[in-house]
Every structure is written in structure tokens, then in C-alpha cells.
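Each residue takes its place number in the sequence, starting with 1.
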Amino acid sequence: MYLQITYRTGGDFSRLAIVNVVQNALALMLVWLVYLFSFYGLCLRSIIVAVINLTMLWIWRPLKIKPQWNRHNFNQLLKIGAPIFFTGQIYGWWMVTDSLLVLKFAGVKGLGLYQLANMAGSAVEVLPSALAQICYPRIAEEYGRSNSISGILKIIRRPIFMLSAGIVPFILLVWLALPSIVNILLPKYVEAVPAAQWMLCSAAVLSLAPVCDIFSVTKRLDLYLAAVVVGIIMYSVSLYTLTLGGVTLKAFPQAMLCGRICYIIFSYVMVFVLVKQKHSEIGT
């Protein structure tokens, strides 16, 4: 995956876009492997898509440098990367646990219906994820050069504002259109429409999440982990409260919305604290 970072750092988004389009087109075309070979077809599809993606990224790589082993650099990367990996996994487990709880309380049918909500959420989450991937190399470079969190905020403030402002009418439009679209194209999933609508809102909150990359570049992942834990706790409390009168599919994305709002608020508060600490250090 490091190859993608070299493209973004160098600003070569046109070729990266071509690679992503080819990757997604292949993933769509190779769905028939799942039909033919079931679970093993799913594995084969993933392997083929990954190999083609890697091949294209390698052929067009902007830094044509031969690989070289360096133990010191490896250890340094491990010290930096291991905490990022760990905190990322905690956040990932939060998302997986959501589906596991749907399976536990709503059964296999409920989990199947819930995939409509997951697909709707994933489609929206592409936007904040893309913004974070574009901004991350820039804010890392800025912090390495200026050691200023305020400088980072100047870079990401405008893109976050524009994304957040643009995503609101988009979510509203999709919310209103979703019942009709599902009724026509996926009539068996009509029951899951309310859950999908709330998942859209939950995903939209993440348009404010690129600011969390500040914790990585400043090596304050302890604060990011704390934000994730706060989100998980709020999610758990909200889900418990929402299901007291009975389990409904929409309760899960509603609880996720509450959890993510707390996760974002806590993150922004911690960024504000870091900025204040930086200013104090400069002042002394």
C-alpha cells in the first residue's frame, strides 16, 4: 500500500485514479467467480484484483528506486507504524462488532438486510476517506517542516468545510430517494430502508474526521485511541437505550451516529488542547 502514498505525495492523482477505476471495474466483473466457486471464488477474486492493482502501481511508480534492506529504517518505521496499526484495528473492530451485534440480536435475516445499510454507509464514507488520503501526506510534510499544528489546520480546514457543506444536501437527497430506489431495484430489502437512511447520516459525520490524522503526524495516538474508546462507549450506551423496547435494524446505525458524533467531538477537543500546548511551548 505504500506505493499509493508515493503517488499522492507527488500529486499524481490522474494515474492513481486510473488504477482505482480499473481495480473497481475488475472487482465488479469478477463477481461471477463468487457465483461459481462460493467462498473460494471470493478469495480468488480478491487475489486477482490485488495483484492487478499492485502491478499497475508498480509499473507507473513515480519513484523508480530499487528495494534495499535497512534495519535501522525498518525499526523506525515499526515504532511509528505499529501504534497506527493498533489504533486503526481498534476502530475497525468497532465497525465489525456492529455487524456482529446485528447478527446476535436480529439473526441471519437481519444481518442480510443490514448489508443495505452497510453498502449505503460505505458509499458515502468514500468521500471523507479520499479527502483524508489526499491531505495526509501534505499535513505530514507540513508538520515535519514547521512543527506547527496550526499550519496543519490551515491546510485541512477549507477541504473539510467544503466536504461537510456539500455532503449535507447530498445525504438529504439520497435519504428522500432511497425508498423509491430500493422498492424498484431491491424490493426484498425494503425493510432495511430506515437503517440505510440513518447509516447515511452516520457516514456523513465522518466528513469531519480527517482532522484525526493530526494525532498520527504528532505521534499522539493515545489521544486518538481515547477518542475511539469514547465513541465505542457512547455507541454501546445508545444501542442499549434504543433497544430497550425491542430490537430494530435502525437502532444500530442510530447508535453508531451517536458514537461517531462523540468520537468527533472528543477528537476536536483534543486537537484544541494540542494547539494550546504547542502555543505554550513556543511561549516558554
In the single-linkage hydrophobic clustering (I, L, V, M, F, W, Y; side-chain heavy atoms under 4.5 Å), do Tyr114 and Val108 co-cluster?
-> yes
Should Leu113 and Leu249 be marked as a side chain to side chain contact (heavy atoms under 4.5 Å, CB included) after you check the CA-CA gap, both sets of side-chain angles, and the distance that decides it?
-> CA-CA 8 Å; Leu113 290 171; Leu249 279 182; 3.7 Å; yes
Working for side chain to side chain contact (heavy atoms under 4.5 Å, CB included), residues Trp93 and Ile232 = CA-CA 10 Å; Trp93 289 337; Ile232 292 173; over 6 Å; no
Going only through I, L, V, M, F, W and Y residues with side-chain contacts under 4.5 Å, is there a path from Tyr91 to Leu257?
-> yes
Give, for atom CG of Leu33 and atom OH of Tyr40, the distance between the pair rounded to the nearest 0.5 Å.
-> 15.0 Å
So which pairs with a foot in residues 55-78 pass ring pair (Phe, Tyr, Trp, His ring centres under 6.0 Å), sequence neighbours left out?
-> Trp69-Phe74
In Å, rounded to the nearest 0.5 Å, how long is the span from CD1 of Ile181 to CG of Leu186?
-> 10.0 Å
Arg145 CZ: over 12 foreign heavy atoms closer than 6.0 Å | yes
For Arg138, check salt bridge (Lys or Arg N to Asp or Glu O under 4.0 Å) against everything at least two apart and list the hits.
-> none
Value rounded to 0.5 Å, distance of CZ in Phe252 from CG in Leu111 = 10.0 Å
Within a reach of under 6.0 Å around NZ of Lys64, are more than 12 heavy atoms found that belong to other residues, nucleotides or ligands?
-> yes
Quick one: CD1 on Ile214 to SG on Cys135, what's the gap to the nearest 0.5 Å?
-> 10.5 Å
Of all pairs that satisfy side chain to side chain donor-acceptor pair (under 3.5 Å), the ones with a partner from residues 243-269, not counting sequence neighbours | Glu125-Arg260, Ser202-Arg260, Tyr224-Tyr263
Passes side chain to side chain contact (heavy atoms under 4.5 Å, CB included), Leu223 versus Val271? Steps please.
-> CA-CA 9 Å; Leu223 298 179; Val271 168; over 6 Å; no
Please indicate whether Met162 has more than 12 foreign heavy atoms, meaning atoms of other residues, nucleotides or ligands, lying under 6.0 Å from its CE.
-> no
Is there side-chain contact between Val228 and Thr87, with at least one heavy-atom pair below 4.5 Å?
-> no
Measure across Leu131 and Pro159 and return the closest heavy-atom pair with its distance rounded to 0.1 Å.
-> CD1-CB, 3.5 Å
Member of Val211, Leu274, Ile139 meeting the side-chain contact (heavy atoms from CB on, under 4.5 Å) criterion with Ile152 = Ile139
Applied to residues 100-109, the side chain to side chain donor-acceptor pair (under 3.5 Å) test, sequence neighbours excluded, yields none
same_hphob_cluster(Val22, Met29) at 4.5 Å side-chain heavy-atom cutoff = yes
Please, which pairs that meet side chain to side chain donor-acceptor pair (under 3.5 Å) have at least one residue in residues 210-221, sequence neighbours excluded?
-> Arg220-Asp222
Test item: Leu225 and Phe86 side chains (from C-beta on) under 4.5 Å apart, heavy atoms = yes
Is there a path of hydrophobic side-chain contacts, each under 4.5 Å between heavy atoms of I, L, V, M, F, W or Y residues, that connects Phe266 with Met234?
-> no
Write down the atom of Cys258, the atom of Ser238, and the distance for their closest heavy-atom approach.
-> CB-OG, 3.3 Å
Pairs where residues 179-212 contributes a residue and the test ring pair (Phe, Tyr, Trp, His ring centres under 6.0 Å) is met, not counting sequence neighbours = Trp175-Trp198
Distance in Å, Leu163 CG paired with Ile156 CD1, rounded so as to fall on 0.5 Å steps | 12.0 Å
Taking a hydrophobic cluster as the set of Ile, Leu, Val, Met, Phe, Trp and Tyr residues connected by side-chain heavy atoms closer than 4.5 Å, whether directly or through intermediates, do Ile155 and Phe272 fall within one such cluster?
-> no
Under 3.5 Å donor-acceptor, Asn53 side chain and Val49 backbone | no
Say whether, by atom type as modelled, one donor and one acceptor occur between the side chain of Ser207 and the main chain of Ala204 under 3.5 angstrom.
-> yes
Glu191, CD atom: more than 12 neighbouring heavy atoms under 6.0 Å = no
So which heavy atom on Leu178 is nearest to which on Val193, and how close?
-> CD2-O, 4.3 Å
Once you round to the nearest 0.5 Å, how far does CG of Leu26 lie from CE of Met56?
-> 8.5 Å
Looking only at heavy atoms, the pair that brings Ala27 and Arg45 closest together is O-NE, 2.7 Å
Would you check, one step at a time, whether the test side chain to side chain contact (heavy atoms under 4.5 Å, CB included) holds for Asp98 with Met95?
-> CA-CA 5 Å; Asp98 180 58; Met95 303 302 109; 5.7 Å; no
So, Asn20 side chain and Leu16 main chain: donor-acceptor pair closer than 3.5 Å or not?
-> yes
Are any side-chain N or O atoms of Ser164 and backbone N or O atoms of Phe161, one a donor and one an acceptor, separated by less than 3.5 Å?
-> no
Residue pair Gly231 / Trp94: nearest heavy atoms and the distance that separates them = O-CZ2, 3.5 Å
Asn147 and Tyr143: side-chain donor and acceptor closer than 3.5 Å?
-> yes
For Met256 and Tyr235, which heavy atoms make the closest approach, and how far apart are they?
-> N-CD1, 3.5 Å
